[in-house]
Structure formats: C-alpha cells, structure tokens
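Whatever order the structure lists them in is the order used to number ligands and atoms, beginning at 1.
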Amino acid sequence: MTDKKLLARAYEVKTLQETERLYDDWAATYDSELIENGYMTPQRCADVLAALAVGRAGPTIDLGCGSGQCGQALKMAGFGPLDGADYSEGMLGMAAQTGCYRTLGRCNLMEPLGGQITRDAGFSAPYRNAVAAGVLNPAHTEPSAIANILEIVAPGGLFVFSLNDHVYPGGGYQEAIAEKEADGAVRTVFKSYGGHIPQRGLNAWVVALQKAG
Ligand SMILES: C[S@@+](CC[C@H](N)C(=O)[O-])C[C@H]1O[C@@H](n2cnc3c(N)ncnc32)[C@H](O)[C@@H]1O
C-alpha cells in the first residue's frame, strides 16, 4: 500500500479498531506523507496556545499526539513539561523518538480520562493546557471526547483543538461545545478557520476553550 492510500484511508475509517490499524500501519511514513502534503494543523494549534497561554511552564498534554508533530512545535515554543497520549502504539513509538515528551501512554479519548491519564502511569493531571491537533473525528473521537478531555484540564486552563472540513460543522462538535458553554464550564476564547492539508485542499477550524476558573 502506498503512502497516498494511507492518507485517503484516514477519511474512510469508521471504527476505533480500524483507526488503530490505520495508524499502526501508517506510523513509519506518517510524517513524510503529511509534510509532503503541507500539513499545517499541529503548528497552528501550537501557535494559538502560545498566543493565549499566560507563560509556558506547567504541564501540557498532547492528546492524539500521533508521531509528535504538535509536541515538537510546542517544545519549540517553550512549553513543558509535555506529556502525550494516543490510542495507536505505533504512533506512540514514533512520538517517543522525538524526545520531546516526559511521559507517553495509551489512551482512548472516547472513554473518561480520569482512570487513564493517571499519576501511576506517569501523567500529571490536571493539565494547565491540552491540545488535540487533527484528532476529533466522529468515527473514532466522538464529540463526547470534548467533555472527557476537559476532565483533565485545570480550572482556568486551555484546550486547543482542530476541527477539519470533514467534521465541522455537522459532526456534533458545535453542539458539544455549546452545551459546555451553556453549563458555564467553558468559554470559547479563540476560533479561526485556515489551512489544514493544503495539497488536499482541506481547511480546519482551530478552536480554544478556556475552562472556568
Ligand atoms: C491525524 S492523526 C493526528 C496526530 C497528531 N496530533 C498530528 O497532528 O500529527 C490522529 C491521531 O489520533 C489518534 N486517535 C484517534 N482516535 C483516538 C482515540 N479515540 N483516542 C486516542 N487517540 C486517538 C490516532 O491514533 C492518531 O495518532
């Protein structure tokens, strides 16, 4: 299977099991294929967090960290300590090679994170900042993931994530965010539409939520 078929497959997977197989198969060539296609979202998310965060010190977690592209951008911006979590062991192996994470571990964002992102596993929730670049997709990271992620964000902390043309609006994320805002749990503090994978003509929203203090 060629690299190009793997990028196409990313928009066809329907279940978490198919997602895991895709990313395990793709791990070794993911970076080269995404760079070739001009993938912008990890850097955009890191730039938004850098613009909004008060200071860079304090634990930050990269959820659905993949091969570590967003972690590397966050490290360049001075954030740390950085932890990362993903469902694919293959992608976690690539992320480990970047050397930019303190702790890396497996998680399923569709399940409550309190029992997964634990101190025993080397994590340090609650996090001052959380990011999820290119991760939210109804096939494998449903809108309920937003509430799961907010569980491990500290009061006043930021959650920055992307929603690409395939999933927003229409994927249920807009409603999940509105529900949290109506509860007074979060405020949308930033939202911008821009490039995602330019060589494929895809754009994405980058959104930042601030958890109530
Ligand atoms: C398109 S990649 C993005 C990786 C990285 N954030 C980046 O921007 O390069 C999506 C990642 O989300 C992970 N993922 C998908 N569903 C997940 C879930 N339910 N829980 C945890 N990770 C998940 C995949 O394994 C994959 O590494």
Side-chain angles (χ1 to χ4, degrees), residues 3 6-49 60-76 79 82-98 100-101 104-113 115-117 121 123 129-149 151-152 159-167 171 173 194-197 200 202 204-206:
D3 289 350
L6 286 168
L7 180 53
R9 218 169 102 199
Y11 298 107
E12 288 164 4
V13 291
K14 300 273 184 286
T15 66
L16 188 57
Q17 285 62 41
E18 287 173 12
T19 300
E20 180 183 22
R21 238 187 344 264
L22 164 70
Y23 284 103
D24 282 349
D25 288 352
W26 199 2
T29 56
Y30 176 88
D31 281 342
S32 57
E33 182 174 7
L34 269 286
I35 287 166
E36 190 182 303
N37 281 277
Y39 186 38
M40 298 170 70
T41 301
Q43 187 66 53
R44 284 185 63 207
C45 288
D47 289 347
V48 169
L49 188 59
T60 292
I61 189 160
D62 182 6
L63 294 161
C65 63
S67 60
Q69 291 194 24
C70 196
Q72 291 175 85
L74 289 167
K75 188 178 180 189
M76 284 292 289
F79 286 96
L82 283 178
D83 293 340
D86 199 283
Y87 196 72
S88 156
E89 293 284 7
M91 293 299 257
L92 285 167
M94 299 306 291
Q97 289 181 28
T98 67
C100 68
Y101 297 98
L104 282 167
R106 196 154 187 253
C107 81
N108 178 2
L109 296 169
M110 290 204 289
E111 301 288 340
L113 291 177
Q116 304 182 70
I117 303 297
F123 292 104
N129 309 297
V131 296
V135 177
L136 299 183
N137 180 312
H140 47 77
T141 322
E142 292 165 358
S144 59
I146 290 178
N148 294 337
I149 292 168
E151 259 182 51
I152 60 160
F159 170 38
V160 176
F161 56 100
S162 66
L163 294 165
N164 72 33
D165 287 335
H166 287 96
V167 307
Y173 298 97
H196 176 53
I197 306 183
R200 293 294 170 115
L202 285 172
W205 286 92
V206 172

request  = Report the C-alpha distance between Phe123 and Ile61 in whole Å, list the side-chain angles of each, state the deciding distance to 0.1 Å, and finish with yes or no for side chain to side chain contact (heavy atoms under 4.5 Å, CB included).
outcome  = CA-CA 9 Å; Phe123 292 104; Ile61 189 160; 4.0 Å; yes
Nearest neighbour in protein (non-hydrogen) for atom 1 (C) of ligand 1 = Tyr23 OH, 3.1 Å
query = For Asp83, which residues count as a salt bridge (charged side-chain N to carboxylate O under 4.0 Å, His left out) partner, sequence neighbours excluded?
reply = Arg102
query = Hey, is the main chain of Met91 close enough, under 3.5 Å, to the side chain of Asp86 for a donor-acceptor pair?
reply = no
message = With heavy-atom distances below 4.0 Å as the criterion, list the atoms of ligand 1 near Asn108.
response = 18 (C), 19 (N), 20 (N)
message = Does the residue Cys107 have a heavy-atom contact with ligand 1, meaning some pair of atoms that are separated by less than 4.0 Å?
response = yes
task = Report, in ascending order of atom number, the atoms of ligand 1 lying under 4.0 Å from any heavy atom of Gly66.
result = 4 (C), 27 (O)
inquiry  = Is there a side-chain contact between Asp25 and Arg9 in this structure, where contact means two heavy atoms from C-beta onward sitting under 4.5 Å apart?
reply    = yes
request  = For Arg44 and Gly195, indicate whether the former's side chain and the latter's backbone hold a donor-acceptor pair under 3.5 Å.
outcome  = yes
query = Starting from atom 19 (N) of ligand 1, which protein heavy atom do you reach first, and at what distance in Å?
reply = His140 O, 2.8 Å
ask   = Taking distance alone, with no angle check, do Tyr39 and ligand 1 share an N/O pair under 3.5 Å?
value = yes
inquiry  = I need the atoms of ligand 1 closer than 4.0 Å to a non-hydrogen atom of Ser88, numbered in the order shown.
reply    = 25 (O)
inquiry  = Pairs of nitrogen or oxygen atoms closer than 3.5 Å, one from Gly64 and one from ligand 1: do any exist?
reply    = yes
task = Could you tell me which non-hydrogen atom of Val131 sits nearest to which non-hydrogen atom of Phe159, and how far apart they are?
result = C-CE1, 4.2 Å
ask   = Mind checking whether Tyr30 and Trp26 have parallel, tilted or perpendicular rings, split at 30° and 60°?
value = perpendicular
query = Which atoms of ligand 1 have any heavy atom of Gly134 under 4.0 Å away?
reply = 1 (C), 2 (S), 3 (C), 10 (C)
message = Below a 4.0 angstrom heavy-atom separation, can you tell me which part of Pro42, side chain or backbone, both or neither, approaches ligand 1?
response = side chain
key: For atom 25 (O) of ligand 1, closest protein heavy-atom neighbour   = Asp86 OD1, 2.6 Å
pair Leu6-Glu33: side-chain heavy atoms closer than 4.5 Å = yes
query = For ligand 1, is Thr41 a contact, meaning one of its heavy atoms is under 4.0 Å away?
reply = no
message = Any nitrogen or oxygen of Thr141 lying under 3.5 Å from a nitrogen or oxygen in ligand 1? Just yes or no.
response = yes
ask   = With sequence neighbours excluded, what pairs up with Gln72 under the side-chain hydrogen bond (donor to acceptor under 3.5 Å, both in side chains) test?
value = none
request  = Flag Met91 as yes when one of its N or O atoms lies below 3.5 Å from any N or O atom of ligand 1, and as no otherwise.
outcome  = no
key: Min N/O separation Tyr87 to ligand 1 under 3.5 Å   = yes
ask   = Under 3.5 Å, is there a donor-acceptor pair between the side chain of Asp165 and the main chain of Leu202?
value = no
task = Could you pull out the closest heavy-atom pair between Gly134 and Tyr39, with the gap in Å?
result = CA-OH, 3.7 Å
remark   = For Thr19, the atoms of ligand 1 under 4.0 Å from one of its heavy atoms are 15 (C)
query = Under 3.5 Å, N or O to N or O, is Tyr30 touching ligand 1 that way?
reply = yes
key: Short N or O distance, Leu109 and ligand 1, threshold 3.5 Å exclusive   = yes
ask   = Do any nitrogen or oxygen atoms of Gln69 come within less than 3.5 Å of a nitrogen or oxygen of ligand 1?
value = no
request  = Using a 4.5 Å cut-off on heavy atoms from C-beta on, say whether the side chain of Phe161 contacts that of Thr141.
outcome  = no
query = Does ligand 1 have a heavy atom under 4.0 Å from the side chain of Cys70, from its backbone, from both, or from neither?
reply = neither
